[in-house]
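What follows is a set of notes on a single structure, which appears directly below.
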Amino acid sequence: MSGIYIHIPFCKQACNYCDFHFSTSLKNKDALIKALLLEIELRKNYLKDSTIETIYFGGGTPSVLSEKDVFNLLEIIYKQYNVSSSAEITLECNPDDLSNEKLMELKRLEINRLSIGLQSFSDEELKWMNRAHTAQESESSVKRAQDKGFENITIDLIYGSKFSNITNWRSSLRKAIQLNVPHISAYNLTIEEKTKLGHDYKYQLEKPIDDEKSSEMFIEMIEVLQKNNFIQYEISNFAKEGFYSIHNSNYWKGKYYIGLGPSAHSFDGVSRQWNISNNNLYIKYLNEGAKKYYEKEILSEVDRYNEYILLSLRTIWGIDLNYLNQSFDISFNSTFQLQLGKLLRQEKVVIKGNIVTLTNQGKLLADKIASDLFV
Ligand SMILES: C[S@@+](CC[C@H](N)C(=O)[O-])C[C@H]1O[C@@H](n2cnc3c(N)ncnc32)[C@H](O)[C@@H]1O
Ligand code: SF4
């Protein structure tokens with residue numbers, strides 16, 4: 001079982017915090033779709049004949065595509081790959097794109113999971129983020145999607161900006177729960193160097209908020225969402241039973257995937273490759289049939305081990321000690337056991353059977369803990 005990721009590198013406007021690969025000029029959209037169709041065909045054997053369990057349109061903003069664009073992409077995928085008839089097909093959408101007409105298109109295309117980027121329930125904060133929608137538009141887009149029969153909906157929220165405090169974060173969580181969606185992704189605002197926000201922080205035009213406040217919001221979120229039957233199956237991802245993202249869960253479980261489009265990454269168990277993060281060059285190289293549109297690295301055993309630690313530690317499935325012992329050089333075990341003892345004493349991790357997972361306090365330091373366990 002494998003997944004297909006398709007990166008749509010266009011957005012109507014640039015959000016001040018966002019460092020993903022996108023262009024705000026849509027003039028190359030048709031040429032880019034053509035190049036994507038070429039790449040889909042060219043790489044049809046990348047996953048051998050593995051069954052495709054998930055297709056994920058991410059971005060950028062896939063909801064800027066026309067019905068015909070998405071149709072053409074799906075058509076060639078169905079033709080060239082072995083797609084399961086019950087595949088999860090997700091499309092990331094911005095609220096301002098979700099008109100009734102657009103939602104009908106997505107239904108016709110048999111998109112069965114929508115990821116809607118709400119980010120915030122405050123107009124002031126949305127404006128500061130340079131989002132293209134109001135809070136009211138966000139909420140109504142979710143309701144419209146539900147009215148059109150979309151059940152499997154996830155929303156994205158961001159906390160930890162200068163506008164957020166524990167009181168308004170509680171109210172945002174209440175609003176998110178009231179929207180009656182079965183999945184919520186909530187990210188702590190990261191300051192990315194090459195963004196408007198990164199620039200403003202560098203020149204002290206903006207001040208970061210205390211880590212302590214963000215941590216308080218994170219713990220509050222876990223408690224509130226758990227009380228409302230959401231399961232935290234990954235640090236930033238909460239779902240009702242039966243609504244985990246299969247696509248993202250497969251990334252975290254180390255399953256194979258093919259990433260298509262500029263900046264997309266692929267993994268086949270042995271190597272990792274990533275496409276060029278430049279729309280014009282991506283189009284040019286694919287049209288020329290030049291392999292220069294991607295770079296590739298073969299993963300060493302240490303790479304694979306560290307990656308397993310990093311990804312699995314963030315999830316509800318945790319690190320499987322039997323898997324570690326059976327799959328990797330036994331000499332890695334001594335570093336692991338030494339660090340594990342410390343982490344257990346500090347109550348940052350727990351062990352049940354052969355599975356190591358983070359405690360809530362540990363989740364606040366997930367990346368640091370993972371790096372302590374690396375070889
Ligand atoms: C790359 S965006 C694509 C989705 C869609 N274009 C949108 O804006 O809703 C995926 C998600 O990443 C999150 N994100 C992007 N940059 C972030 C940052 N610097 N800090 C925290 N979350 C971020 C946002 O919540 C966003 O919805
Ligand atoms: S958050 Fe979404 S809409 Fe905003 S710039 Fe990033 S990808 Fe585009």
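Positions are given from 1, in the same order as the sequence printed here. Atoms within a ligand are numbered from 1 in the order they appear, just like the ligands themselves.
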E192-ligand 1 polar pair, N/O distance under 3.5 Å: no
Starting from atom 14 (N) of ligand 1, find the nearest protein heavy-atom neighbour and note its residue, name and distance. Y17 CE1, 4.1 Å
Of E92, Q119, H133, M129, the one whose closest heavy atom lies nearest atom 26 (C) of ligand 1 is Q119
Ignoring hydrogens and angles, state whether a donor on the side chain of H21 or S277 is under 3.5 Å from an acceptor on the partner side chain. no
Heavy-atom contacts with R131 under 4.0 Å: which atoms of ligand 2 show up? List them by number with element. 1 (S), 2 (Fe), 3 (S), 4 (Fe)
Which of the numbered atoms in ligand 2 are below 4.0 angstrom from a heavy atom of C15? 1 (S), 3 (S), 4 (Fe), 5 (S)
Among Y46, Y5, Y251, Y81, which residue meets the ring pair (Phe, Tyr, Trp, His ring centres under 6.0 Å) test with Y257? Y251
Quick one: look up the protein heavy atom nearest atom 8 (O) of ligand 1 and list residue, atom name and how far away it is. R131 NH1, 2.8 Å
Mind checking whether atom 8 (Fe) of ligand 2 has an N, O or S of C11 under 2.8 Å? yes
Would you mind checking which non-hydrogen protein atom is closest to atom 6 (Fe) of ligand 2, with the distance to 0.1 Å? C18 SG, 2.3 Å
Using a plain distance cutoff, I'd like to know if D19 has any nitrogen or oxygen under 3.5 Å from a nitrogen or oxygen of ligand 1. no
From atom 3 (S) of ligand 2, work out which of D156, I8, N94, D96 has a heavy atom at the shortest distance. N94
In N94, D96, T24, the residue satisfying side chain to side chain donor-acceptor pair (under 3.5 Å) with K12 is D96
Atom indices of ligand 1, in the order listed, that fall short of 4.0 Å to a heavy atom of N188: 20 (N), 21 (C)
Can you figure out which of Y187, F22, F20 has its heavy atom closest to atom 22 (N) of ligand 1? Y187
Which atoms from ligand 2 have a heavy atom of G60 less than 4.0 Å away? 7 (S)
Chi angles and distances behind the salt bridge (Lys or Arg N to Asp or Glu O under 4.0 Å) call for K284, E288: CA-CA 6 Å; K284 178 175 182 291; E288 286 170 355; 3.1 Å; yes
Specify the protein heavy atom at minimum distance from atom 27 (O) of ligand 1: its residue, its atom name, and the distance to 0.1 Å. D156 OD2, 2.5 Å
Strictly by modelled atom types, are Y56 and E92 linked by a side-chain donor-acceptor pair under 3.5 Å? yes
Side-chain H-bond candidate by donor/acceptor type, N152 with N112, under 3.5 Å: no
Here the atoms of ligand 1 under 4.0 Å from any heavy atom belonging to T61 are 6 (N)
If you measure every N/O of T190 against every N/O of ligand 1, is any gap under 3.5 Å? yes
Which is it for K127 and E124 under the salt bridge (Lys or Arg N to Asp or Glu O under 4.0 Å) test, yes or no, and what are the steps along the way? CA-CA 5 Å; K127 212 166 170 198; E124 199 187 9; over 6 Å; no
The atoms of ligand 2 lying under 4.0 Å from a heavy atom of F22, numbered in the order shown, are 5 (S)
Are F163 and W128 close enough, and set up right, to give a ring pair (Phe, Tyr, Trp, His ring centres under 6.0 Å), and what steps lead you there? CA-CA 9 Å; F163 294 90; W128 177 79; 5.4 Å; yes
Test item: side-chain donor near acceptor, D320 and N354, under 3.5 Å: yes
Assess K240 against F230: is NZ or CZ under 6.0 Å from the centre of the six-membered ring, and within 45 degrees of the ring's axis? yes
Between D268 and S271, do the side chains contain a donor N or O and an acceptor N or O under 3.5 Å apart? yes
One finds that the ligand 2 atoms under 4.0 Å from a non-hydrogen atom of T61 are 3 (S), 8 (Fe)
For atom 23 (C) of ligand 1, what is the nearest protein heavy atom, given as residue, atom name and distance? I158 CD1, 3.9 Å
Give the atom numbers and elements of ligand 1 that come within less than 4.0 Å of a heavy atom of G60. 3 (C), 4 (C), 5 (C), 6 (N)
What about the rings of Y233 and Y244, do their centers lie closer together than 6.0 Å? yes
From CA spacing to verdict: salt bridge (Lys or Arg N to Asp or Glu O under 4.0 Å), D30, K34: CA-CA 6 Å; D30 290 348; K34 267 196 202 150; over 6 Å; no
List the closest protein heavy-atom neighbour of atom 5 (C) of ligand 1: residue, atom name, distance to the nearest 0.1 Å. N94 OD1, 3.0 Å
Which residue from G59, G117, C93 reaches closest to atom 2 (S) of ligand 1 through any of its heavy atoms? G59
